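A short write-up of the structure that comes next.
If you're wondering where the values come from, they're calculated on a predicted model, not measured in any experiment. Naming: A, B, ... by sequence-line order, numbering from 1 per chain.
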Amino acid sequence: MCGRFASTTKPEDLVELFGVEQWDPTETIAPSWNVAPTDSAYAVLERTPKGLPDPVRQLRVLRWGLVPAWSKSPESAVKMINARADTVHEKPSYRQAFASRRCLLPIDGYYEWETIPVPGRAKPRKQPYFVSRTDGGVLALAGLYEFWRDRTRPADDALGWLVTCTIVTTEAEPLLAPIHERMPLFLDPGAYDAWLDPGRTDPDELRSLLVAPAPGALRAVPVGAAVGNIRNNSPDLLRPLTDAERNFGGAGGGTTLF
DNA sequence: CCAGACGTTGTT
DNA sequence: GTCTGG
DNA sequence: CCAGACGTTGTT
DNA sequence: GTCTGG
């Protein structure tokens, strides 16, 4: 799955990479090596302005954790950080967003925790990994977004709209499966246009864009436990564990190597 | 008909 | 908002 | 996802 | 043990 990630690419660079036509520089967030659910994140999406024929590609800041438009409160649905690719087109909470509000979430990589049973102890050990593109490029995660109106605020209050997002997940590819059974889906540049086009609403066609990556496209590197605490946030979270650090605490011998 | 859910993951 | 369960 | 809390009353 | 907050 995907429950924590790093996002440090400058918005100006994201604008270049994704062919963004519209970005409001006041919508800027600090680089983060520890983005958690309910945090803000950059998203690339397309909206068609009233009276215009074509959608405009934008870079926006959304809150991670999708809140369906019909939710009574924004907390009730904050667990919706992931959406299963195999059912996303039919789930009441996601299908409208899937039909017309798809986005890309550009990230450097995400964290995955391997659960390692410790003989004789109830609590297993949790070994975090940082998963990123082997070629070092930005990962364009497949996402959905949704608008939620806060009725406790005045009708003309711009802050009365909450825009949230979720990440589409699938079965882990074979190389990652030993760490974790699920993983987020990402798109290759050739699929960006079709995925973002709000004019495309055929679920089967859209689902065909969600394909597993080639084996080896992603790499997983074991990192320190500090990432577990969201108060920790620095490039040091990405530093690979040394062999000595991995052996120290590692019950039952070595961890999976890449 | 109304009431209540609407999600994913991991672990047992 | 819309579907499911009772 | 992990870390950290885990409560009620009365008053503003 | 389980829920909430970030």
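In this structure, of D/dA3, E/dG6, B/dT8, it is D/dA3 that holds the atom nearest to the side chain of A/N229. Side-chain proximity of A/M1 to the nucleotides B/dT11, B/dC6, B/dT9 is greatest for B/dT9.
Nucleotides E/dC3 and B/dC6 have their P atoms positioned 14 Å apart, rounded to a whole Å. Rounded to a whole angstrom, the distance from the C1' atom of D/dC1 to that of B/dT9 is 10 Å. Comparing E/dG5 with B/dT8, their P atoms sit 22 Å apart, to the nearest whole Å. Going from the P atom of B/dG7 to that of E/dG6 covers 25 Å, rounded to whole Å.
Distance CG (A/N233) to C1' (D/dA3): 16 Å, rounded to an integer number of Å. When the C1' atom of B/dT9 is taken as reference, atom CD1 of A/I167 falls 14 Å away, rounded to whole Å. In this structure, CD of A/E75 is placed 10 Å from P of E/dG6, rounded to the nearest angstrom. Rounded to whole Å, atom P of B/dG7 lies 12 Å from atom CZ of A/R84. A/D86 places its CG atom 12 Å from the P atom of B/dG7, with the value rounded to the nearest Å. Rounded to whole Å, the distance from CG on A/N82 to P on D/dC1 is 8 Å. To the nearest angstrom, C1' of B/dT11 lies 12 Å from NZ of A/K123. Rounded to whole Å, the distance from CD on A/E112 to P on B/dT8 is 16 Å.
In this structure, A/W70 counts as stacked on the base of B/dC6 under the 5.5 Å centre distance and 30° plane angle limits.
With salt bridges taken as basic N to acidic carboxylate O contacts below 4.0 Å, none links A/E112 and A/K126. Ion pairing between a basic and an acidic side chain is recognised when a charged N comes within 4.0 Å of a carboxylate O; A/E171 and A/R182 show no such pairing.
Proximity of A/T169 to the phosphate of B/dT9: a side-chain N or O atom is located under 4.0 Å from OP1 or OP2. Not one side-chain nitrogen or oxygen of A/R4 sits closer than 4.0 Å to the OP1 or OP2 atom of E/dG6.
Within residues 87-96 of chain A, no residue has any heavy atom closer than 4.0 Å to DNA chain E. Using a 4.0 Å cutoff on non-hydrogen atoms, the parts of residues 29-43 of chain A near DNA chain E are A/A36, A/P37, A/T38, ordered by number.
A/Y111 and A/W113 have tilted rings, their planes meeting at an angle from 30° to 60° on a 0 to 90° scale. Between A/F5 and A/W64, the two ring planes are tilted [angle within 30° to 60°].
Using a 3.5 Å distance cut-off with no hydrogens or angles, the side chains of A/R63 and A/T38 do not pair a donor with an acceptor. Side chains of A/T152 and A/D150: a donor-acceptor N/O pair is present below 3.5 angstrom, by distance only.
The neighbour count for A/E27 CD, taken as heavy atoms of other residues, nucleotides or ligands under 6.0 Å away, is above 12.
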side-chain hydrogen bond (donor to acceptor under 3.5 Å, both in side chains) between A/S234 and A/D236, intermediate numbers included | CA-CA 5 Å; A/S234 81; A/D236 192 49; 5.1 Å; no
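Closest approach of A/W148 and A/P68 over heavy atoms only: CD1-O, 3.3 Å. A/P213 and A/M183 get closest at one heavy-atom pair: CD-CE, 3.2 Å.
Transitive grouping of hydrophobic side chains (ILVMFWY, heavy atoms separated by less than 4.5 Å) brings A/F186 and A/Y110 into a common cluster. By the rule that hydrophobic residues join a cluster once side-chain heavy atoms approach within less than 4.5 Å of another member, A/I179 and A/L238 end up as members of separate clusters.
Contact annotation for A/T115: backbone-only contact, meaning every heavy-atom pair under 4.0 Å involves sugar-phosphate atoms and none involves a base.
A donor-acceptor distance shorter than 3.5 angstrom exists from the side chain of A/D108 to the backbone of A/T8, with no hydrogens or angles considered.
Checking A/K72 against A/A122, the closest nucleotide of DNA chain B that is more toward the 5' end is the one next to A/K72.
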According to the Watson-Crick and G-U wobble definition with distances under 3.5 Å, which dot-bracket string, read 5' to 3', encodes DNA chain B, using [ ] for crossing pairs and | for pairs with another strand?
-> ||||||......
